[in-house]
2 protein chains.
Amino acid sequence: MKAPSDFQLQADLRRPGRRVTNQRWLILEVVRGTDSHPTAEWVYQKVRRRLPRISLGTVYRNLKLLAEEGLIQELESRGFGRYDGNTARHDHFTCQRCGRIFDLEVRVDPSLGRRIGARTGFTITHHRIEFYGLCASCVLAAGHAKGGETSKRARHRP
Amino acid sequence: MKAPSDFQLQADLRRPGRRVTNQRWLILEVVRGTDSHPTAEWVYQKVRRRLPRISLGTVYRNLKLLAEEGLIQELESRGFGRYDGNTARHDHFTCQRCGRIFDLEVRVDPSLGRRIGARTGFTITHHRIEFYGLCASCVLAAGHAKGGETSKRARHRP
DNA sequence: TTCATATTCAGGAATGATTCTTATTACTAT
DNA sequence: ATAGTAATAAGAATCATTCCTGAATATGAA
Ligand SMILES: [Mn+2]
Ligand SMILES: [Mn+2]
Ligand SMILES: [Zn+2]
Ligand SMILES: [Zn+2]
């Protein structure tokens, strides 16, 4: 499973009745160019630097379209949507203090879906594992701030 | 891990500066009385039959409060929140055709969090596994409707 | 190249779930 | 009974997202 080349992406994106506009291409590049699992708003701000006239609606429309094409993936998160340029199967860790989402390097047993499917009667196509807790830097920060609510860092929202 | 008695729930709910109103109690009973992982709106409609003057805002406020007390749990779902009266650790299967969420009877290795935590440097407090695919009845229905988009059943939204 | 057509765009209005505000009501403890 | 606190109903406000419009633009055939 290797990263698709730009050429490959062009091919996936260029299909009858579908254009590759700068807006669309740039949005794809921005999402692929970060591992921060950004929100639509974050992508919008990033893309705006190069295409100042782009509208937020265009960002939303294209993020959805790119996810349907399978070129990016949409994460299941509470409140607002987040996107992931890494389409390889991988799991996530969410820090409950700073809100950041990290990719897990270690791979959890990929046959889990098949095993559970066989045992339950459900036809399982895929599964998702999310871990929650504190990231390394938040463990430190939480240690310092013993006894005070004051130093709770503002939550990230990439 | 056994179901808490009503007495125990009363104790958890009754703490300094916190009352047990009929609204609150009834909302808890409704969520505990179903395994359908209902939305706030569904709970509202159910509670309304017994307390016709209750407001939707009250339902939202109490669902959140009950989740904070640990008497119910809030699920991570896209678009709108769902609640679960079963606070025991268990996993879920979501049918992508009818939208229903089922409890998994089989328990997936509960030491997963500890194992991954040790390997990644994250301090993991808990994790969540969600399976996706088709439930038994939707597999049947999808089989019948070969070649036609027409018979897609309307999505449940308890 | 020119033309016809379909796609995409920007901008802004609309939607829908959730939270917030406020005046009123219901408990609880004295 | 009284005072003080917590919770409520009703509805306004918020926020992310989707939808709608008319204009702009890419594409492919002639
Ligand atoms: Mn990722
Ligand atoms: Mn459940
Ligand atoms: Zn953190
Ligand atoms: Zn189903």
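Here is the naming used below: chain letters follow the sequence lines, and residue numbers restart at 1 for every chain. Worth knowing before you read on, the calculation uses all heavy atoms, side chains too, and leaves out hydrogens, waters and symmetry mates. In this text the structure is predicted, and so the values were computed from the model without any measurement.
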Asker: Output the rounded distance in Å from CZ (R15(A)) to C1' (dG28(D)).
Answerer: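 Taking atom C1' of dG28(D) as the reference, CZ of R15(A) is at 19 Å.
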
Asker: Does any part of the side chain of E130(B), heavy atoms only, come nearer than 4.5 Å to the side chain of E76(A), both counted from C-beta?
Answerer: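 The answer is no; the side chains never approach within 4.5 Å.
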
Asker: May I have the distance from L13(B) (atom CG) to dA7(D) (atom P), rounded to whole angstrom?
Answerer: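 From L13(B) CG to dA7(D) P: 9 Å.
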
Asker: Can you check whether R24(A) reaches R18(A) side chain to side chain, under 4.5 Å on heavy atoms?
Answerer: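 Yes; the side chains approach each other to less than 4.5 Å.
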
Asker: So for atom CZ, which belongs to R78(B), do other residues, nucleotides or ligands contribute more than 12 heavy atoms lying within a distance under 6.0 Å?
Answerer: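 Buried by this count: over 12 neighbours within 6.0 Å.
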
Asker: Decide salt bridge (charged side-chain N to carboxylate O under 4.0 Å, His left out) for R50(B) and E29(B); before the verdict, give the C-alpha distance in whole Å, the side-chain angles of both, and the deciding distance to 0.1 Å.
Answerer: CA-CA 12 Å; R50(B) 284 216 256 156; E29(B) 276 194 335; 3.5 Å; yes

Asker: Taking the side chain as every heavy atom from C-beta outward, state whether I129(B) and L112(B) have any pair of such atoms under 4.5 Å apart.
Answerer: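 Of all side-chain heavy-atom pairs linking L112(B) with I129(B), at least one is under 4.5 Å.
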
Asker: Can you give one letter per nucleotide of nucleotides 23-30 of chain C, 5' to 3': B if a protein heavy atom sits under 4.0 Å from the base, S if only from the sugar-phosphate, - if neither?
Answerer: ---BBS--

Asker: It should be established whether R24(A) places a side-chain nitrogen or oxygen under 4.0 Å from OP1 or OP2 of nucleotide dT8(C).
Answerer: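 Yes, within the criterion.
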
Asker: What is the distance from CD of E68(A) to C1' of dT18(D), rounded to the nearest Å?
Answerer: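 Rounding to the nearest Å, CD of E68(A) and C1' of dT18(D) are 13 Å apart.
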
Asker: Within the pair T21(B) and dT8(D), is there a side-chain N or O less than 4.0 Å away from OP1 or OP2?
Answerer: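 Affirmative; the distance criterion is met.
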
Asker: Measure the shortest side-chain to side-chain distance between Q73(B) and L75(B) over non-hydrogen atoms and say whether it is less than 4.5 angstrom.
Answerer: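 Q73(B) reaches L75(B) side chain to side chain.
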
Asker: E76(A) CD to dA16(D) C1': how many Å, rounded?
Answerer: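 So the two atoms are 16 Å apart, to the nearest Å.
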
Asker: Do F122(A) and F131(B) have ring centroids that are under 6.0 Å from one another?
Answerer: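 Judged by ring-centre distance (under 6.0 Å), F131(B) and F122(A) do not meet the cut-off.
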
Asker: When you check the gap from the basic side-chain N to the acidic O, do R107(B) and D109(B) get nearer than 4.0 Å?
Answerer: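 Answer for the salt bridge query: no.
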
Asker: Looking across every strand, which nucleic acid part, if any, lies under 4.0 Å from E41(B) by heavy atom: base, sugar-phosphate, or nothing?
Answerer: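 No contact at all - E41(B) keeps every heavy atom at 4.0 Å or more from the nucleic acid.
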
Asker: Which residue lies toward the 5' end of DNA chain C, E74(B) or L51(A), if each is placed at its nearest nucleotide?
Answerer: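 Mapping each residue to its closest nucleotide by heavy atoms, the 5'-most match is L51(A).
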
Asker: Separation of F80(A) atom CZ from dT15(C) atom P, in whole Å?
Answerer: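 Answer to the nearest Å: 25 Å.
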
Asker: Could you state the CZ-C1' distance from R78(B) to dT18(C), rounded to the nearest angstrom?
Answerer: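 Those two atoms, CZ and C1', are 15 Å apart.
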
Asker: What parts of residues 55-65 of chain B reach DNA chain D, counting only heavy atoms under 4.0 Å away?
Answerer: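 Within this stretch, S55(B), T58(B), R61(B), N62(B) sit under 4.0 Å of the strand.
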
Asker: Side chains of W25(B) and D6(B): does their closest heavy-atom pair fall under 4.5 Å?
Answerer: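 A side-chain contact under 4.5 Å exists here.
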
Asker: How close or far is atom C1' of dG11(D) from atom OH of Y44(B), stated in whole angstroms?
Answerer: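 Between C1' of dG11(D) and OH of Y44(B): 12 Å.
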
Asker: Would you please confirm or rule out a distance under 4.0 Å between OP1 or OP2 of dT7(C) and any side-chain N or O of R18(A)?
Answerer: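 No, outside the criterion.
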
Asker: Ignoring backbone atoms, test whether Q23(B) places a side-chain nitrogen or oxygen under 4.0 Å from the OP1 or OP2 oxygen of dA9(D).
Answerer: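 For dA9(D), OP1/OP2 do have a side-chain N/O of Q23(B) under 4.0 Å.
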
Asker: Kindly write out the residues that satisfy ring pair (Phe, Tyr, Trp, His ring centres under 6.0 Å) with H92(B), not counting sequence neighbours, or none if the list is empty.
Answerer: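 If we apply the ring pair (Phe, Tyr, Trp, His ring centres under 6.0 Å) test to H92(B), skipping adjacent residues, the hits are H37(B), H90(B).
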
Asker: Expressed as a whole number of angstroms, how long is the span from I27(A):CD1 to dT8(C):C1'?
Answerer: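 For the pair I27(A) CD1 and dT8(C) C1', the rounded distance is 11 Å.
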
Asker: Let me spell it out: for each of T39(B) and I54(A), pick the nucleotide of DNA chain C with the closest heavy atom. Which residue's pick is nearer the 5' end?
Answerer: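 Between the two, 5'-proximity favours I54(A).
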
